[in-house]
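Structure, as structure tokens:
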Protein chains: 2
Amino acid sequence: MAQRRGLIKGGFDSLLLCLIAQQPMYGYQIIKELEKRSQGYFRFKEGTLYPALHRSEKAGLIQGKWQTLPSGRQRRYYHITEKGLHSLAAKRSQWLDFLAAMNLIIQPVSD
Amino acid sequence: MAQRRGLIKGGFDSLLLCLIAQQPMYGYQIIKELEKRSQGYFRFKEGTLYPALHRSEKAGLIQGKWQTLPSGRQRRYYHITEKGLHSLAAKRSQWLDFLAAMNLIIQPVSD
DNA sequence: TATTATACATAGAGAGACTAGGTATTATTC
DNA sequence: GAATAATACCTAGTCTCTCTATGTATAATA
């Protein structure tokens, strides 16, 4: 059960990896992008996002690099690492397994 | 976001409701049934199940009744309440919303 | 000049899932 | 008859994740 513990709870980390795998992104952008793509469903707070980014970076799944805009503003862009790509593939497969298991339980109930 | 917090984390409570809605069940049976139906995927521990049952009963979603077998053994059978049925319907709809949102994020990534 | 949006960050609280332990009865095996 | 496994319930404590709340700072807008 150990590898499944983080599945339901830590699903958010998968979303992060998924987004960053598509293109490097910075924190604030990720929050907006998740909200936009999910049509307003996901509205994560900074207090959720930044610790998750730091966690993932510490785990070597993503790597952040400071970039300075022409305006002088600083942004920390995160890109996915090789290890992160493997982790993403694993997480996606675990997600599908989880969905399959859920469906086996839930589907018998008709509306 | 408040009503969504329990979605990912509290998905387990939905599984419980779903099972009990189909037929009254007792704790030990639920653990075995979840494992059997999910083909071994779900293997919840007592430490997860019983607190969840008590939580749901306290919330008025299910109700437990002690039954004595001919052998003398005691079992606590839980059946779903009217309130539980409403909650189950709501949870299923929330689950579908969540799935839809997840798909909007995840699907763009092809294998 | 004040407010809003952008952009980062952390501390603390709350809740749920797990680990680990406990009690007691029944059935099976030696 | 004794030891073990299976059945059946329960709780205390720990860990980790998500949220609330707050702080800092700059750029753009009213």
Side-chain angles (χ1 to χ4, degrees), chain A residues 1-17 24-36 41-59 61-62 64-78 91 98 101-102, chain B residues 1-17 24-36 41-59 61-62 64-78 91 98 101-102:
Chain A
M1 211 55 190
Q3 78 281 8
R4 277 170 205 153
R5 184 203 289 195
L7 233 187
I8 310 186
K9 289 175 70 178
F12 176 54
D13 287 19
S14 302
L15 285 180
L16 282 192
L17 267 189
M25 285 183 140
Y26 58 96
Y28 193 82
Q29 183 186 14
I30 290 173
I31 290 179
K32 299 298 173 192
E33 192 69 17
L34 279 176
E35 179 169 0
K36 183 177 150 201
Y41 185 89
F42 289 122
R43 284 180 192 161
F44 290 99
K45 310 297 183 193
E46 288 97 328
T48 302
L49 178 77
Y50 290 109
L53 284 175
H54 300 161
R55 230 173 17 242
S56 292
E57 185 171 28
K58 200 171 178 184
L61 307 180
I62 59 177
K65 279 180 184 162
W66 285 105
Q67 245 174 274
T68 308
L69 299 185
S71 65
R73 180 180 283 282
Q74 295 268 306
R75 280 177 183 164
R76 189 156 174 81
Y77 276 90
Y78 289 93
K91 279 183 205 298
F98 171 70
M102 281 294 283
Chain B
M1 211 55 189
Q3 78 282 7
R4 277 169 206 155
R5 184 205 289 193
L7 232 188
I8 310 185
K9 288 175 72 179
F12 175 53
D13 287 19
S14 302
L15 286 180
L16 282 192
L17 268 189
M25 284 183 140
Y26 57 96
Y28 194 82
Q29 182 186 13
I30 290 173
I31 290 178
K32 298 298 173 191
E33 192 68 18
L34 280 175
E35 179 170 0
K36 183 178 150 200
Y41 185 88
F42 289 122
R43 283 179 192 160
F44 290 100
K45 309 297 184 194
E46 287 97 330
T48 302
L49 178 77
Y50 289 109
L53 284 175
H54 300 160
R55 230 172 18 240
S56 292
E57 185 172 27
K58 201 172 176 182
L61 307 180
I62 59 178
K65 279 180 185 162
W66 285 106
Q67 245 174 274
T68 308
L69 298 185
S71 65
R73 180 181 284 282
Q74 295 266 307
R75 281 176 183 163
R76 190 157 174 80
Y77 276 89
Y78 289 93
K91 278 182 204 300
F98 171 70
M102 282 293 284

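Sequence lines set the chain letters: A, B, ... in the order given, protein chains first and strands last, and positions in each chain run from 1. Hydrogens, waters and symmetry mates are skipped; everything else that's a heavy atom, side chains included, is used.
What separates CD of B/Gln67 from P of D/dT7 is a distance of 19 Å, to the nearest Å. Separating the CD atom of A/Glu46 from the C1' atom of D/dA21 is a distance of 11 Å, rounded to the nearest angstrom. The separation between B/Lys45 atom NZ and C/dT19 atom C1' is 10 Å, rounded to whole Å. Rounded to whole angstrom, the span from the CD atom of B/Gln74 across to the C1' atom of D/dC10 amounts to 14 Å. The distance from atom CZ of B/Arg76 to atom C1' of D/dC10 is 12 Å, rounded to the nearest whole Å. B/Arg75 places its CZ atom 16 Å from the P atom of C/dT25, with the value rounded to the nearest Å. Here D/dA8 presents its P atom at 20 Å from NZ of B/Lys65, a figure rounded to the nearest Å. Here D/dC10 presents its P atom at 18 Å from CZ of B/Phe44, a figure rounded to the nearest Å.
Comparing D/dT18, D/dA8, C/dT6 by their closest approach to the side chain of A/Tyr28 singles out C/dT6.
The side chain of B/Tyr26 places an N or O atom within less than 4.0 Å of a non-bridging phosphate oxygen (OP1 or OP2) of D/dA8.
Residues A/Ile31 and A/Tyr28 have side chains not in contact (no heavy-atom distance under 4.5 Å, counting atoms from C-beta outward). Contact annotation: the side chain of B/Phe42 approaches that of A/Phe98 to within less than 4.5 Å [non-hydrogen atoms, C-beta and beyond]. Side-chain atoms of B/Leu49 and B/Leu16, non-hydrogen and from C-beta on, do get closer than 4.5 Å to each other. Looking only at side-chain heavy atoms (C-beta outward), A/Asp13 and A/Ser56 come within less than 4.5 Å of each other. Side chains of B/Tyr41 and A/Met102 form no contact here, defined as non-hydrogen atoms less than 4.5 Å apart.
Within residues 50-58 of chain A, the residues having any heavy atom under 4.0 Å from DNA chain D are, by residue number, A/Arg55.
A distance-only check finds no donor-acceptor pair linking the side chain of A/Gln67 to the backbone of A/Tyr77 [under 3.5 Å].
Across all strands, A/Gly27 comes closer than 4.0 Å only to sugar-phosphate atoms, never to a base (heavy-atom distances). Among the atoms of the strands shown, none is found under 4.0 Å from any heavy atom of B/Gln29.
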Which atom pairs link the protein and nucleotides 24-28 of chain D when you take only N or O atoms and keep those under 3.5 Å?
{"residue": "D/dT26", "atom": "O2", "partner": "A/Arg73", "partner atom": "NH2", "Å": "2.5"}
{"residue": "D/dA27", "atom": "OP1", "partner": "A/Ser71", "partner atom": "O", "Å": "2.7"}

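Toward the 5' end of DNA chain C, the nearer of the two residues A/Leu69 and A/Thr48, judged by each one's closest nucleotide, is A/Leu69.
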> So what is the 5' to 3' dot-bracket string for DNA chain D, if pairs are Watson-Crick or G-U wobble with both distances under 3.5 Å, crossing pairs use [ ] and | means the partner sits on another strand?
Replying inline: ||||||||||||||||||||||||||||||
